[in-house]
Amino acid sequence: MLNDWLYIGIFLAISAFLPAAAIVIAGFLAPKKPNTIKNQIYECGIETVGETWVQFKAQYYIFGLIFLIFDVETVFLYPWAVAFNQMTLYGVLEALLFVLILAGGLVYAWRKGALEWV
Amino acid sequence: MTFISDPINFIATWLRIMLANVGASPDLTAFILSVVGGGILATGAMLWVTFLIWYERKIIGRIQDRLGPNRVGPWGIFQSFADMLKIFTKEYITPNGADRVLYNIAPVLSVASVLLIWAIIPFTVTSYGVDLNVGVLFVVAVAGLGELAIIMAGWSSNNKYALLGAFRVVAQLISYEVPMVLSLLVPVLLSGSMSLNAIVKAQNVWYIFTAPLAALIFMITSIAEVGRSPFDLVESESEIVGGFNIEYSGLKFGMFFVAEFLHAFTSALIFTVLFLGGWRGPGAEQYPILGFIYFSLKNVFSYFIFILVRGSLPRFRIDQMMDLNWKVLTPVSLGLFAVVTIVAKLVQGNPNELLRGLFLLIANGVILLTTSLVMGQFAARRRRHLDERAEGQKLRVRSQV
């Protein structure tokens with residue numbers, strides 16, 4: 001068990017190392033002549049105006065919240081699904097009740113217009 | 001165990017014995033084997049991308065009635081190597097005012113997040129990186145890292161368009177993760193395990209036959225997760241310049257490109273493992289090398305479908321894309337989950353596996369039929385509404401004239 005996660009750790013290190021090494025090698029091979037005009041931000045073809053890190057619309061936040069609800073739900077449902085074969089029908093119906101409450105949340109968000117892209 | 005039937009384990013065992021003879025402790029041996037195995041797998045995956053790019057360009061070329069790359073080497077097979085040489089010698093620019101740390105980590109993380117999935121893919125009955133008992137959850141969790149890379153790239157570029165692009169991408173990716181995760185529940189539920197190898201072993205009948213709707217939802221959402229046509233709002237060159245990677249150049253941009261292709265292929269890998277029976281086929285248990293051949297064939301087939309979808313469908317509008325996810329795929333996958341659990345529980349006592357599969361297939365068909373009927377009704381109503389509005393506008397214009 002510990003060996004499994006050791007392997008994952010090593011693999012994470014390797015999979016981060018490979019692209020990083022490629023970029024470093026490219027840094028040696030490629031020419032490096034930065035200047036002020038070249039380093040300017042491209043934006044859409046004209047010079048940038050004002051701050052970049054500005055406020056953004058709240059719509060993204062709402063989608064993020066709905067996503068969070070469903071994602072937490074899955075963390076509960078996966079262990080339940082693993083134990084599915086040893087379960088009685090009562091256990092299944094209980095999980096369905098849980099899903100139904102979440103579906104109620106989705107319907108609420110839908111009716112409130114939170115799912116409209118504006 | 002001979003070299004012909006299972007070369008990978010043969011070499012691994014040979015290496016283990018040799019290390020023991022040299023006098024290495026078991027822990028050190030495990031560590032060295034992990035480093036060697038992981039290194040070969042990850043490097044192989046990175047090199048494989050150059051082939052994938054050629055393969056995909058060739059097929060897309062054929063779909064669009066072109067020849068595709070055909071100059072460098074036979075059938076243009078070395079085109080990607082030429083591109084790689086070019087991109088290695090291209091200067092990369094860090095824009096003024098960029099957040100340097102995040103800006104440099106983002107391309108590395110986007111590749112790493114995809115490569116990490118390869119650690120748990122079972123290629124044959126005996127050769128896999130590691131058989132995690134939480135495999136499916138691991139796949140979902142690691143896919144989340146890719147979103148982090150995108151938001152980092154967009155945020156650190158100091159460019160409003162890149163930031164806007166990143167927001168849109170992340171909104172798309174997190175939304176499509178919901179039905180994807182729900183459709184992945186179905187194989188877990190039917191096999192009673194989250195380990196990928198156990199799921200493959202449980203597929204006496206492939207899950208694409210017992211749970212075709214889950215397979216369809218998984219395929220749609222994984223195309224959306226990769227962010228290619230028809231869900232290529234990630235790029236949408238005509239709308240928000242180049243998306244989140246507009247300020248990247250040279251190999252740093254190339255890394256996002258590699259990550260995209262590798263992600264598409266990895267999605268096909270997971271699709272093969274979960275729904276097409278992975279390495280299963282006649283004789284695959286005795287001769288693991290046969291299993292690898294079956295796996296590759298199935299995988300090429302599923303990747304071909306990914307490319308076919310990319311080559312033939314036009315891009316969605318962003319509100320349509322969000323509607324498809326939240327108003328169609330999510331409710332359908334919730335309904336699918338509910339129906340599959342009840343049906344699977346009711347037929348569980350039946351010893352005939354084919355009959356059980358048939359019941360599940362019928363349940364899936366019923367949901368698919370209901371969905372298409374309801375969607376047809378909605379679409380007809382919406383069309384009528386739009387037509388009436390257009391008619392009203394025409395009348396108004398005419399009365400003004």
Side-chain angles (χ1 to χ4, degrees), chain A residues 3-4 6-8 10-12 14-16 18-20 22-23 25-27 29-34 36 38-44 48 52-54 56 59-60 63-64 66-67 70-71 74-75 77-78 81-87 89 92 95-96 99-100 102-103 106 110 115-117, chain B residues 30-31 34-35 38-39 42-43 46 88-97 107-108 111-112 115-116 119 129-130 132 136-137 158-161 163 167 171 174-175 177-178 181-182 185 188-189 192-194 241 246-247 250-252 255 318-319 322 326-327 330-331 334 337-338 341-342 345:
Chain A
N3 269 348
D4 286 2
L6 175 77
Y7 182 79
I8 294 286
I10 291 169
F11 206 88
L12 177 65
I14 291 171
S15 56
L18 282 177
I23 287 174
I25 291 169
L29 289 178
K32 222 178 209 165
K33 300 189 191 103
T36 333
K38 196 194 272 177
N39 285 359
Q40 272 178 349
I41 304 154
Y42 177 74
E43 202 101 304
C44 59
T48 180
T52 303
W53 291 312
V54 288
F56 54 91
Q59 192 69 25
Y60 297 111
F63 278 112
I66 304 173
F67 160 74
F70 276 95
D71 224 33
T74 25
V75 176
L77 279 182
Y78 270 104
V82 170
F84 178 75
N85 287 331
Q86 291 94 46
M87 211 174 277
L89 192 62
V92 172
L96 285 187
V99 171
L100 208 64
L102 282 160
L106 183 67
W110 193 335
L115 302 182
E116 303 299 326
W117 186 270
Chain B
F31 179 77
S34 298
V35 171
T43 318
M46 289 288 275
F88 257 98
T89 52
K90 193 163 151 41
E91 178 177 6
Y92 47 67
I93 305 162
T94 311
N96 283 334
V108 175
V111 175
L115 265 184
L116 203 52
V130 53
L132 278 191
V136 175
L137 206 58
N158 192 22
N159 182 330
K160 288 192 212 59
Y161 287 80
L163 188 57
F167 283 145
I174 62 172
S175 297
E177 209 161 87
V178 172
V181 164
L182 284 170
L185 263 175
V188 172
L189 191 129
S193 171
M194 276 195 270
V241 280
I246 174 76
E247 289 295 349
L251 200 68
K252 286 183 192 167
M255 280 301 146
I318 190 156
D319 60 322
M322 291 310 245
W326 288 109
K327 298 180 180 174
T330 306
L334 280 174
F337 173 73
T341 47
I342 290 179
K345 197 80 242 175

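Throughout, a chain's letter reflects where its sequence line sits, starting with A, and its residues are numbered from 1.
Note: B:L116 leads B:V111, B:L116, B:D319 in heavy-atom pairs under 4.5 Å with chain A. Residue with the most contacts toward chain A among B:A112, B:P331, B:S175: B:A112 (heavy-atom pairs, distance under 4.5 Å). Counting heavy-atom pairs under 4.5 Å between each of B:N158, B:V35, B:V136, B:L115 and chain A puts B:N158 at the top. Interface summary for chain A: among B:A119, B:P95, B:A42, the most heavy-atom pairs under 4.5 angstrom belong to B:A119. Among B:I93, B:I342, B:T43, B:I174, the residue making the largest number of heavy-atom pairs under 4.5 Å with chain A is B:I174. The candidate from B:Y92, B:W326, B:F31 with the greatest count of non-hydrogen atom pairs under 4.5 Å with chain A is B:W326.
In this structure, the portions of A:I23 lying under 4.5 Å from any heavy atom of chain B include both its backbone and its side chain. A:N85 touches chain B through backbone and side chain together, each having a heavy atom under 4.5 Å away. Residue contact with chain B, scored on non-hydrogen atoms closer than 4.5 Å, involves the backbone and the side chain of A:L77 alike. Looking at A:F11, the atoms closer than 4.5 Å to chain B (heavy atoms on both sides) sit in the backbone and in the side chain alike. For A:I14, the part lying under 4.5 angstrom from a heavy atom of chain B is the side chain only. Interface remark: A:L106 contributes side-chain atoms only to the contact with chain B (heavy atom separation under 4.5 Å). In this structure, the portions of B:M194 lying under 4.5 Å from any heavy atom of chain A include both its backbone and its side chain. For A:Y78, the parts sitting under 4.5 Å from any heavy atom of chain B are the backbone and the side chain alike.
Of all heavy-atom pairs spanning A:A26 and B:L251, the tightest one is CB-CD2, 3.7 Å. Heavy-atom minimum distance, A:P19 versus B:M255: CB-SD, 3.6 Å.
Between atom OG1 of residue B:T89 and atom CD1 of residue A:I25 there is a gap of 13.5 Å, rounded to the nearest 0.5 Å. Annotation: the span from B:L132 atom CG to A:I8 atom CD1 amounts to 4.5 Å, rounded to 0.5 Å.
Judged by distance alone, the side chain of B:K252 and the main-chain N or O of B:E247 form no donor-acceptor pair under 3.5 Å. Of the possible polar contacts, none joining the B:K327 side chain to the A:W110 backbone as a donor-acceptor pair under 3.5 Å is found.
Few gaps surround CZ on B:F88; more than 12 heavy atoms of other groups in view lie less than 6.0 Å from it.
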